[in-house]
Amino acid sequence: MLSCILAGTQGQLIMNAPEHARDLARAAVRPEELVGYEMIRRLVAFPTVSRDSNLALVEWVRRYLEDLGATTALTFDDERRKANLFATLPARDGNARRGGIVLSGHTDVVPVDGQPWETDPFEATLAGDRLHGRGVTDMKSFSAIALAFVPEFLRRGLARPLHFALSYDEEIGCIGVRRLIADVVGKGIAPTGCIVGEPTGMRLVVAHKGRKTWRCRVRGHEAHSSLTPLGVNAVQVACELVAWITQRERAYRDGHRHDPAYDVPYTTPHVGVIQGGTALNIVPRDCFFEFEIRHLPFDDPDAFFADLRRYADSLVPAMQAVDPAAYIEFDPLSGMSGFDNDGRSSIADIGRACCGSDVAHKVSFGSEAALFHDASMPAVICGPGHIEQAHQPNEWVSLEQLARCEAFMRRLAEHLCVA
Ligand SMILES: [Zn+2]
């Protein structure tokens with residue numbers, strides 16, 4: 001998950017710093033008051049960096065849930081080194097497929113290499129009111145608290161099914177969860193909605209932008225720089241394309257299709273890498289650049305790309321008149337759709353009730369929520385901790401945030417349970 005600033009639906013920015021100050025000012029929460037504290041410590045102790053296997057964690061959670069009566073299914077990566085876990089606790093009447101809620105979290109964490117940690121990142125360590133450890137914010141605490149509340153949900157009796165979706169490889173592009181969702185849809189399981197526990201400071205998020213990324217490769221023709229008409233300058237062709245993207249960025253900025261609920265309220269194309277040429281006295285043969293578009297859910301990234309492709313095609317005949325081998329090629333790198341349920345779905349109503357607030361937020365970072373949303377499982381995002389602490393050395397979450405997550409689970413029980 002990439003860093004961002006949360007924005008309120010009225011367009012005002014809601015910075016996180018005052019929130020932290022309030023967290024600290026509240027009456028201290030003691031760890032022994034938290035239902036999920038030991039479960040967080042347990043999950044953090046599995047070093048599930050994305051490049052490594054997550055099977056030990058998944059197997060442990062699977063046994064835990066099966067002992068509580070869940071049915072479980074694993075979907076693996078190609079090498080069977082990693083797995084998603086989908087688990088279902090049926091309603092008291094036996095219903096395991098219709099309605100109910102998915103609680104979703106990714107099991108992987110970002111690496112700690114080169115970061116100056118003051119404690120063992122894979123042993124959750126309490127210092128004052130802060131629990132430190134890799135993944136305490138992004139995002140094992142939400143999953144752990146949800147798991148720890150299962151006995152409570154069962155004691156009260158589930159009126160509708162409760163599902164857990166724990167994925168692999170979220171941090172490297174929401175890769176794993178796609179297989180889990182395909183499996184769930186294929187089995188005809190149709191939950192009412194999904195709560196993704198990414199760190200939002202326990203605020204309800206009902207929308208985020210989408211993102212698509214590409215690499216563009218330009219092949220020109222080398223020549224002595226005193227003879228530029230005999231060459232095709234790949235750097236300059238690339239720059240014409242970059243200038244087109246910049247113009248389009250201004251058009252989105254100056255256009256009318258804004259959503260003021262976002263910190264950046266319009267779609268933003270962006271070029272992040274460019275490389276080309278070898279020496280000033282050579283007309284460069286090769287240049288490449290990488291670019292992205294972070295788009296509001298109602299803007300079409302493919303239309304943006306089709307326009308760029310058309311513009312590139314218009315440049316190619318002049319290049320090939322000099323050298324028929326010249327070209328402009330595009331490689332898609334990654335894609336993540338945006339989503340916006342505009343706060344009107346029933347899962348948004350449930351989220352509002354569980355958060356105890358009517359305010360819904362929209363953010364610019366991506367998550368698995370969009371993939372659930374695309375598969376007809378309307379999603380919201382709400383989890384403990386703040387995005388500023390994610391991916392950092394000495395990653396931490398306040399006990400107060402954990403207590404708020406537990407209050408959320410207690411209110412969720414009102415919805416999920418018989419009494
Ligand atoms: Zn995350």
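Along the sequence shown, residues carry numbers from 1. Order of listing sets the numbers, starting from 1, for every ligand and every atom in it. Heavy-atom basis, side chains included; hydrogens, waters and symmetry copies ignored.
- Contacts classified as ring-ring contact (aromatic ring centres under 6.0 Å, His included) and involving residues 153-209 (residues at least two apart or in different chains) are given here: Phe86-His163, His208-Phe339.
- With hydrogens and angles left out, the side-chain atoms of Ser398 and Asp129 include no donor and acceptor closer than 3.5 Å.
- The closest approach of Asp138 to the Zn ion (ligand 1), by N/O/S atoms, is made by OD1.
- Residues passing the side chain to side chain contact (heavy atoms under 4.5 Å, CB included) test with Pro301 are Lys212, Ile293, His295, sequence neighbours excluded.
- None of Phe288, Phe305, Trp214 except one satisfies the ring-ring contact (aromatic ring centres under 6.0 Å, His included) rule with Phe330; the exception is Phe305.
- Coordination check, Glu170 versus the Zn ion (ligand 1): failed, since every N/O/S atom of the residue sits at 2.8 Å or beyond.
- Put simply, Glu198 gets within reach of the Zn ion (ligand 1), with an N, O or S atom under 2.8 Å from it.
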